[in-house]
Amino acid sequence: MDERKRIFSAMRPTGKLHYGHMAGALFNWVKLQNEYNCFWGIADWHAMMSDYADTSRIKDNCYEILLDWLAVGVDPEKSAIFVQSHVKQHAEIHLALSMITPLGWLQRCPTYKEQILNLQNKDLSTYAFLGYPTLMAGDILLYRSWAVPVGEDQSAHLELTREIVRRFNGFYGEVFPEPETLLTPAAKMPGLDGRKMSKSYGNSLDIAEDMDTVWNKLRTMVTDPARERRTDKGTPEKCPVWDIHKFFNKNAEEMAELHEGCLTAGCGCVDCKKKLMAHVAEMMDPIQKRRAELAKNRDDLTQILEEGAKRARVVAEATMEKVYTAMKMLH
Ligand code: ADP
């Protein structure tokens with residue numbers, strides 16, 4: 001058995017992933033898999049919780065998300081990559097943790113309140129949706145994970161996981177370690193309209209998109225509003241294109257020139273975007289092509305998910321053994 005520390009993280013199969021996912025999570029996963037025993041879940045039950053009224057896309061989206069992961073370098077030889085519902089113990093541990101999770105903790109969860117308000121086209125006043133953080137706690141604890149790599153936006157959920165651990169261990173003994181937060185060292189990537197890049201805002205650049213499509217989007221992306229005309233001076237720090245440069249452009253000299261060019265109006269936004277596009281294409285063109293290649297063979301993808309689930313189940317079964325014993329159940 002792999003003795004390295006275990007790490008778990010997951011994403012919901014709600015559609016194709018974008019550059020924000022890559023910058024804010026996936027590149028970090030690619031590094032972590034060299035150091036830790038990583039479990040990466042495609043959280044279909046979590047997708048079900050918000051999309052239960054129309055589940056028609058979830059199955060295909062499991063493949064889409066897998067392709068995005070593989071294309072950027074998440075490696076099934078190094079990590080277990082699997083679909084949450086294929087490892088039945090996720091459902092079992094969710095039920096076990098539901099016994100001890102106080103309603104108040106869930107009702108107070110900031111993301112719960114926020115989502116109910118934001119997603120008004122969906123009726124999320126369901127039993128399962130309230131329990132979303134309990135399932136998430138279950139996902140993490142099933143692998144008795146040492147740590148969870150998350151973005152800032154998820155740290156409240158992780159705190160709730162730790163509270164659930166303390167309560168569970170308080171009742172039944174030391175079964176679970178309190179997972180640590182491994183905060184992903186990445187700034188938020190802005191989308192085409194300057195807000196956070198997000199599928200729900202329709203402002204994203206997707207990993208699967210070819211370079212012509214990406215350029216057509218980048219070309220019209222908002223810049224510092226002060227630069228209405230070519231001769232207007234701007235401030236890079238107020239420009240979302242600059243933030244994307246910071247991720248893709250590793251050429252310090254060129255960055256300094258562009259910075260100066262923006263401040264003095266020596267360089268126009270279109271030129272700045274063309275430079276950015278060259279760096280985007282250098283990184284993304286091979287990723288996009290690899291993805292297109294991988295997409296040709298679904299059987300290979302299915303195989304990867306089967307292997308991943310097998311590896312995950314070994315740990316999951318051992319954990320559930322501990323849970324049932326600690327809870328003094330006849331099993
Ligand atoms: P979920 O898959 O649970 O719906 P999200 O799609 O919101 O979650 O994001 C998955 C991960 O990608 C999170 O860790 C989040 O912080 C990160 N992420 C998403 N959008 C961005 C962005 N625009 N910039 C940086 N990181 C992002």
Side-chain angles (χ1 to χ4, degrees), residues 7-32 38-52 57-58 61-62 64-69 72 74 81-84 90 109-112 114-115 118-119 122 124 128-129 131-140 145 147-161 179 181-209 217-218 221-222 240-248 280:
I7 282 189
F8 171 88
S9 195
M11 286 188 195
R12 294 176 312 138
T14 48
K16 290 194 173 80
L17 300 180
H18 53 65
Y19 289 11
H21 292 118
M22 209 178 64
L26 296 179
F27 274 19
N28 194 35
W29 291 16
V30 170
K31 279 198 212 124
L32 291 170
C38 296
F39 294 80
W40 309 128
I42 299 176
D44 56 346
W45 278 124
H46 278 284
M48 217 34 114
M49 285 176 170
S50 49
D51 296 343
Y52 63 88
R57 297 282 313 145
I58 296 179
N61 285 341
C62 286
E64 296 291 356
I65 207 171
L66 174 63
L67 284 168
D68 288 327
W69 290 3
V72 303
V74 180
I81 303 175
F82 58 94
V83 175
Q84 183 187 31
H90 281 273
C109 191
T111 44
Y112 176 68
E114 196 185 290
Q115 297 256 33
N118 283 345
L119 300 176
K122 290 178 187 168
L124 294 180
F129 192 71
Y132 193 105
T134 310
L135 178 58
M136 190 170 145
D139 296 338
I140 296 164
S145 311
V148 186
V150 289
E152 203 111 33
D153 49 339
Q154 293 286 342
S155 43
H157 278 158
L158 205 55
E159 190 43 46
L160 192 57
T161 300
T181 307
L182 255 186
L183 212 55
T184 306
K188 272 197 186 94
M189 184 174 284
L192 301 170
D193 57 0
R195 293 187 292 172
K196 180 188 171 187
M197 190 180 286
S198 167
K199 196 171 33 199
S200 46
Y201 295 153
N203 65 358
S204 64
L205 297 166
D206 294 341
I207 295 171
E209 270 163 349
K217 287 182 171 184
L218 262 188
M221 177 168 176
V222 299
V241 174
W242 180 248
D243 282 330
I244 301 190
H245 257 295
K246 282 195 275 190
F247 180 73
F248 284 101
V280 170

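Counting starts at 1 for both ligands and their atoms, in listed order.
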Any ion pair linking D51 and K122 (charged N to carboxylate O, less than 4.0 Å)?
yes
What about R12: any of its N or O atoms under 3.5 Å from an N or O on ligand 1?
yes
Is there a donor-acceptor pair closer than 3.5 Å between any side-chain N or O of T184 and the backbone N or O of V150?
yes
Which residue and atom name correspond to the protein heavy atom nearest atom 14 (O) of ligand 1, and how close is it?
G151 N, 3.7 Å
Below 3.5 Å, N or O to N or O, backbone or side chain included: is there any such pair between M197 and ligand 1?
yes
Residue pair K16 / A208: nearest heavy atoms and the distance that separates them
CD-CB, 3.7 Å
Could you tell me which residues satisfy side chain to side chain donor-acceptor pair (under 3.5 Å) with E159, sequence neighbours excluded, listed by chain and number?
R162, R166
For atom 25 (C) of ligand 1, what is the nearest protein heavy atom, given as residue, atom name and distance?
G20 O, 3.4 Å
So, using ring pair (Phe, Tyr, Trp, His ring centres under 6.0 Å) as the criterion, who are the partners of F129 when residues are at least two apart?
Y112, Y132
CD1-CG distance between I58 and D44, expressed to the nearest 0.5 angstrom:
7.0 Å
Using a strict cut-off of 4.0 Å, indicate which atoms of ligand 1 neighbour a heavy atom of M11.
2 (O)
Non-hydrogen side-chain atoms of M136 and L160 separated by less than 4.5 Å
no
Over all atoms of both residues, closest heavy-atom pair of V222 and P240
O-CG, 3.4 Å
Below 4.0 Å from ligand 1: does a non-hydrogen atom of H18 turn up there or not?
yes
Check whether any protein heavy atom sits under 4.0 Å from atom 4 (O) of ligand 1.
yes
Would M189 count as being in polar contact with ligand 1, using the rule that some N or O on each side must be under 3.5 angstrom apart?
yes
Students should be able to answer this: which protein heavy-atom is nearest to atom 8 (O) of ligand 1, and at what distance?
Q154 NE2, 4.7 Å
Identify which of M22, H157, H46, H21 has a heavy atom lying nearest to atom 10 (C) of ligand 1.
H21
Identify the closest protein heavy atom to atom 15 (C) of ligand 1: which residue and atom is it, and at what distance?
D153 OD2, 3.8 Å
Within 4.0 Å of some non-hydrogen atom of K196, the atoms of ligand 1 are 20 (N), 21 (C), 22 (C), 23 (N)
Please list, in number order, the atoms of ligand 1 under 4.0 Å from a heavy atom of K188.
24 (N), 25 (C)
Run the ring-centre check on W29 versus W40 and record whether the distance is less than 6.0 Å.
yes
I need the atoms of ligand 1 closer than 4.0 Å to a non-hydrogen atom of G24, numbered in the order shown.
25 (C), 26 (N)
